[in-house]
Each structure stands twice: as structure tokens, then as C-alpha cells.
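None of the values given here were measured: they were computed from a predicted structure. In this chain, numbering begins with 1 at the start of the sequence shown.
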Amino acid sequence: QVQLVESGGGLVQAGGSLRLSCEASGRTFSSYTMGWFRQAPGKEREFVAAISWSGATTTYADSVKGRFTISRDNAKKTVYLQMNSLKPEDTAVYYCACTYYSRDYVLTSENDYNYWGQGTQVTVSS
């Protein structure tokens with residue numbers, strides 16, 4: 001079993017930055033592909049970013065490319081999401097997710113992930 005705890009959410013003005021953290025415990029962290037998803041009020045949860053277990057491969061939703069950066073520190077069992085140039089449409093609850101994946105690659109569908117954090121609120125004001 002893997003437990004994930006997100007932190008770093010908050011309220012920022014448009015154009016500002018936030019850094020989200022997701023600390024994992026349980027199984028060996030390096031064996032897991034990690035991803036970030038978000039869900040805005042009244043909308044379905046959507047993919048944001050993912051990173052392979054070694055960190056060699058990352059991928060992003062088109063809506064956040066060039067603004068968000070995902071990274072991981074396997075020694076600390078932590079994955080990060082650096083969010084720059086935030087827009088009001090980035091407002092959502094952000095969820096960290098992981099799944100065991102033998103390949104050093106990324107997964108982008110929420111159905112591919114079997115462990116989830118509790119979420120952290122990100123609010124971007126105009």
C-alpha cells in the first residue's frame with residue numbers, strides 16, 4: 001500500500017507561482033510512475049502532468065505546458081509540481097497519484113493510477 005500526502009496549495013493572484021509537494025510512504029517510491037491531476041468545481045478530473053520513475057521522462061497537458069514543471073526526489077519519496085504564470089482557470093483541487101509501472105515511462109489516464117492523495121486546493125484570483 002502507498003500513502004500520498006499533498007501540500008503547498010493556497011491562494012495566489014494570476015501570474016503568481018506555487019509549488020506543490022506530494023510525499024509518499026509505503027512501497028518503494030522509485031518503482032512508481034507519478035502524476036498530478038486536478039478537478040475544478042463542476043468539472044471532471046483532468047490530467048496535468050506525469051513523471052516516470054527515474055524522472056527521465058515527463059509529460060504535460062497542453063493547458064499547462066511551458067508553465068508547470070513536474071519533478072521528483074526519490075530519496076525523499078516526494079514529487080513536486082512547480083506552477084508558474086498561474087491563471088484563474090488553474091483553480092482546482094490538485095491530486096497526486098501514483099501507480100506501480102515496470103517501465104520507466106509516463107501514464108496520463110486517471111484510470112491508470114491506483115493510489116491517490118487527498119488533494120490540495122489551488123485558487124488563482126484575477
Side-chain angles (χ1 to χ4, degrees):
Q1 186 177 354
V2 176
Q3 295 81 42
L4 303 173
V5 179
E6 302 101 329
S7 62
L11 173 64
V12 297
Q13 294 185 4
S17 299
L18 282 175
R19 188 194 191 202
L20 305 183
S21 298
C22 174
E23 186 175 6
S25 62
R27 301 289 185 179
T28 302
F29 184 74
S30 61
S31 299
Y32 288 80
T33 294
M34 306 293 298
W36 286 97
F37 294 78
R38 67 187 182 186
Q39 186 170 22
K43 296 185 178 181
E44 295 294 317
R45 187 163 55 191
E46 65 176 354
F47 169 76
V48 176
I51 187 168
S52 63
W53 63 262
S54 74
T57 303
T58 60
T59 191
Y60 301 89
D62 288 341
S63 59
V64 305
K65 286 181 179 177
R67 301 188 298 118
F68 290 11
T69 302
I70 188 171
S71 61
R72 68 191 294 165
D73 185 336
N74 288 348
K76 297 181 179 180
K77 294 187 176 182
T78 302
V79 63
Y80 306 95
L81 185 67
Q82 178 66 46
M83 305 184 295
N84 298 325
S85 301
L86 284 163
K87 304 175 181 179
E89 51 262 46
D90 294 320
T91 295
V93 176
Y94 283 70
Y95 296 92
C96 176
C98 73
T99 193
Y100 178 79
Y101 195 47
S102 61
R103 297 182 179 181
D104 188 20
Y105 205 61
V106 292
L107 298 166
T108 60
S109 172
E110 64 176 310
N111 298 125
D112 292 326
Y113 292 85
N114 54 4
Y115 297 104
W116 295 83
Q118 83 287 350
T120 185
Q121 177 70 48
V122 172
T123 303
V124 184
S125 62
S126 300

Colleague: The criterion is side chain to side chain donor-acceptor pair (under 3.5 Å); which residues satisfy it with Thr91, sequence neighbours excluded?
Modeller: none
Colleague: Just so I know, are the side chains of Trp116 and Cys96 near enough to count as touching, which here means a heavy-atom distance under 4.5 Å?
Modeller: no
Colleague: Using distance only, find each side-chain donor-acceptor pair of residues 7-22 under 3.5 Å and give its atom names and separation, not counting sequence neighbours.
Modeller:
| from | atom 1 | to | atom 2 | distance (Å) |
| --- | --- | --- | --- | --- |
| Ser17 | OG | Asn84 | OD1 | 2.9 |

Colleague: With Lys65, which residues qualify under salt bridge (charged side-chain N to carboxylate O under 4.0 Å, His left out), at least two apart?
Modeller: Asp62
Colleague: Just to verify, what does Gln39 make a side chain to side chain donor-acceptor pair (under 3.5 Å) with, not counting sequence neighbours?
Modeller: none
Colleague: Sequence neighbours left out, what passes side-chain contact (heavy atoms from CB on, under 4.5 Å) with Asp104? Give chain and number order.
Modeller: Ser52, Trp53, Ser54, Ala56
Colleague: For Thr69, enumerate each residue passing the side chain to side chain donor-acceptor pair (under 3.5 Å) test, keeping only those at least two apart in sequence or located in another chain.
Modeller: none
Colleague: Suppose we screen for salt bridge (charged side-chain N to carboxylate O under 4.0 Å, His left out). Which residues come up paired with Arg67, at least two apart in sequence or across chains?
Modeller: Asp90
Colleague: Partners of Ser25 by side-chain contact (heavy atoms from CB on, under 4.5 Å), sequence neighbours excluded?
Modeller: Gln3
Colleague: In chain order, what residues pass the ring pair (Phe, Tyr, Trp, His ring centres under 6.0 Å) check against Tyr113, with sequence neighbours excluded?
Modeller: Phe37
Colleague: Who are the side-chain contact (heavy atoms from CB on, under 4.5 Å) partners of Ser71, not counting sequence neighbours?
Modeller: Tyr80
Colleague: With sequence neighbours excluded, what pairs up with Glu89 under the side-chain contact (heavy atoms from CB on, under 4.5 Å) test?
Modeller: Lys87
Colleague: Salt bridge (Lys or Arg N to Asp or Glu O under 4.0 Å): which pairs involve residues 110-126, sequence neighbours left out?
Modeller: Arg45-Glu110
